[in-house]
Colleague: 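Have a look at the structure that comes next, please.
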2 protein chains.
Amino acid sequence: MLDTFQALAEPNRLAIVSLLKAGPRSVGDVVDALGIRQPQVSKHLSTLKAAGLVEVHPEANRRIYRLRAQPFMSLQAWLEDYRALWAARFDEMDKILEEIQQPGDEPEE
Amino acid sequence: MLDTFQALAEPNRLAIVSLLKAGPRSVGDVVDALGIRQPQVSKHLSTLKAAGLVEVHPEANRRIYRLRAQPFMSLQAWLEDYRALWAARFDEMDKILEEIQQPGDEPEE
DNA sequence: ACAGAATATTCCGGAAGAAGAATATTCAGG
DNA sequence: CCTGAATATTCTTCTTCCGGAATATTCTGT
């Protein structure tokens with residue numbers, strides 16, 4: 001869990017994860033999409049892979065990275081332990097949901 | 001969201017959050033429970049407060065820290081965006097099973 | 001086997017951040 | 001008001017980690 005948080009606690013890596021949410025991408029795709037230089041993308045992907053957040057499978061000339069489901073499921077399970085926190089506070093929950101649904105408002109990054 | 005991940009991406013802070021899950025605690029309580037020195041506990045709590053993960057309310061001589069629900073709800077909402085991940089995994093599994101039965105076209109990105 | 005594209009790795013300088021020690025602040029009670 | 005307990009704040013290393021640049025590696029097609 002700590003590894004997951006550490007992996008996500010960096011802006012570019014969070015952006016990469018967010019991009020990969022839409023589907024698998026090659027390193028070059030990530031470079032083009034996010035405007036980060038290739039070596040840094042490779043390094044960040046390496047970090048994400050070490051944390052188990054992504055997996056690689058080579059395809060022709062490229063290496064395709066995709067999100068792994070497992071850490072997200074673990075995160076979900078981790079969150080369950082905190083559910084008692086907000087279970088009773090539906091008023092706040094409404095506010096949060098509104099905030100997230102606001103157009104132009106990015107819930108991440 | 002990034003702030004939340006950064007706040008949780010440190011072992012002692014994660015431990016503090018985990019402790020506070022059981023209920024509000026004073027600084028001294030945290031010190032005793034986790035065996036971290038008082039100044040570091042204060043600093044970490046300060047960091048957690050800046051990230052909106054905890055709130056303080058003084059009580060007599062002590063300062064009581066408690067978890068705030070909001071970031072956890074946001075995290076939950078953030079996770080929802082990734083739910084397709086493990087749903088899609090079943091899709092892929094279905095697709096693979098289909099392909100085995102009737103080999104056919106190229107999967108699209 | 002070679003050339004070129006795609007990706008990974010290494011080295012370095014600098015910035016962020018965590019711990020330790022010492023000190024400052026705040027506050028309740030006498 | 002003073003005192004002591006509880007907590008916060010500086011200041012100083014020290015380590016970790018990110019980005020930039022250069023280079024190495026790996027693979028494909030020819």
Side-chain angles (χ1 to χ4, degrees), chain A residues 1-20 22-68 71 108-109, chain B residues 1-20 22-68 71 106 109:
Chain A
M1 200 51 40
L2 182 63
D3 296 330
T4 300
F5 288 135
Q6 287 176 341
L8 296 173
E10 203 278 333
N12 288 326
R13 280 197 298 269
L14 188 56
I16 290 174
V17 167
S18 178
L19 175 65
L20 292 185
R25 296 281 190 278
S26 73
V27 177
D29 288 343
V30 176
V31 169
D32 294 343
L34 301 183
I36 311 171
R37 295 170 194 276
Q38 179 267 318
Q40 331 296 341
V41 170
S42 281
K43 284 188 251 184
H44 283 309
L45 283 170
S46 172
T47 300
L48 289 171
K49 179 157 162 280
L53 275 162
V54 302
E55 63 189 12
V56 185
H57 64 102
E59 193 166 295
N61 213 4
R62 326 257 165 115
R63 310 199 73 190
I64 308 297
Y65 285 85
R66 85 165 61 195
L67 291 181
R68 292 185 63 241
E108 70 195 295
E109 277 135 330
Chain B
M1 200 50 42
L2 182 62
D3 297 329
T4 300
F5 288 135
Q6 287 177 341
L8 295 173
E10 203 279 332
N12 289 325
R13 280 198 296 270
L14 189 56
I16 290 175
V17 167
S18 178
L19 175 66
L20 292 185
R25 296 281 189 279
S26 73
V27 177
D29 288 342
V30 176
V31 170
D32 294 343
L34 301 182
I36 313 171
R37 297 168 195 274
Q38 179 266 318
Q40 332 296 339
V41 170
S42 281
K43 284 189 249 183
H44 283 309
L45 283 170
S46 172
T47 300
L48 289 171
K49 179 156 161 282
L53 276 162
V54 301
E55 63 190 12
V56 186
H57 63 102
E59 194 165 294
N61 213 4
R62 326 257 165 115
R63 309 198 76 191
I64 308 297
Y65 285 85
R66 86 164 64 198
L67 291 181
R68 291 185 63 242
E106 294 287 318
E109 176 208 352

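FYI, side chains are in, hydrogens and waters are out, and symmetry mates aren't considered; it's all heavy atoms of this structure. From a predicted model like this one, the values you see are computed outputs, not experimental measurements. Quick note on labels: first sequence line is chain A, next is B, and so on, each numbered from 1.
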Colleague: What residues form a side-chain contact (heavy atoms from CB on, under 4.5 Å) with A9(A), not counting sequence neighbours?
Modeller: F5(B), Q6(B), A9(B)
Colleague: Any N/O pairs under 3.5 Å between the protein and nucleotides 26-30 of chain D? List them or say none.
Modeller:
{"residue": "dC27(D)", "atom": "O3'", "partner": "A60(A)", "partner atom": "O", "Å": "3.4"}

Colleague: Testing the basics here: between L20(B) and Y65(B), what is the closest heavy-atom pair and its distance to 0.1 Å?
Modeller: CD2-O, 3.7 Å
Colleague: I'd like a table of atom pairs between the protein and nucleotides 11-15 of chain D - only N or O on both sides, under 3.5 Å - with the distance next to each one.
Modeller:
none

Colleague: Which two nucleotides bound the region of DNA chain C that has atoms under 4.0 Å from heavy atoms of chain B, read 5' to 3'?
Modeller: dA18(C) to dA28(C)
Colleague: Identify all side-chain donor-acceptor contacts of residues 41-54 of chain B below 3.5 Å with residues at least two apart in sequence or on another chain.
Modeller:
{"residue": "S42(B)", "atom": "OG", "partner": "Q38(B)", "partner atom": "NE2", "Å": "3.1"}
{"residue": "H44(B)", "atom": "ND1", "partner": "R13(B)", "partner atom": "NH1", "Å": "3.2"}
{"residue": "T47(B)", "atom": "OG1", "partner": "K43(B)", "partner atom": "O", "Å": "3.1"}

Colleague: For residues V17(B) and L8(B), report the shortest heavy-atom separation together with the two atoms involved.
Modeller: CG2-CD2, 3.9 Å
Colleague: Between I36(A) and Q40(A), what is the shortest heavy-atom contact and its length?
Modeller: CG2-CB, 3.8 Å
Colleague: Please give the stem ranges for DNA chain C, sorted by first residue number, where a stem is three or more consecutive Watson-Crick or G-U pairs and both donor-acceptor distances are under 3.5 Å.
Modeller: C:1-30 with D:1-30
Colleague: Take the protein atom CD of Q6(A) and the nucleotide atom P of dT16(D), then report the distance between them rounded to whole Å.
Modeller: 12 Å
Colleague: Reckon S46(A) touches a base, only the sugar-phosphate, or nothing at all at heavy-atom distances under 4.0 Å?
Modeller: nothing
Colleague: Answer yes or no: is there a side-chain heavy-atom contact under 4.5 Å between I16(A) and L34(A)?
Modeller: yes
Colleague: Once you round to the nearest 0.5 Å, how far does CD of E10(A) lie from CG of L2(B)?
Modeller: 8.0 Å
Colleague: Quick one, which residues of residues 30-39 of chain B touch DNA chain D with a heavy atom under 4.0 Å?
Modeller: Q38(B), P39(B)
Colleague: Please list all pairs passing the side-chain hydrogen bond (donor to acceptor under 3.5 Å, both in side chains) test where one or both residues lie in residues 25-37 of chain B, with sequence neighbours left out.
Modeller: S26(B)-D29(B)
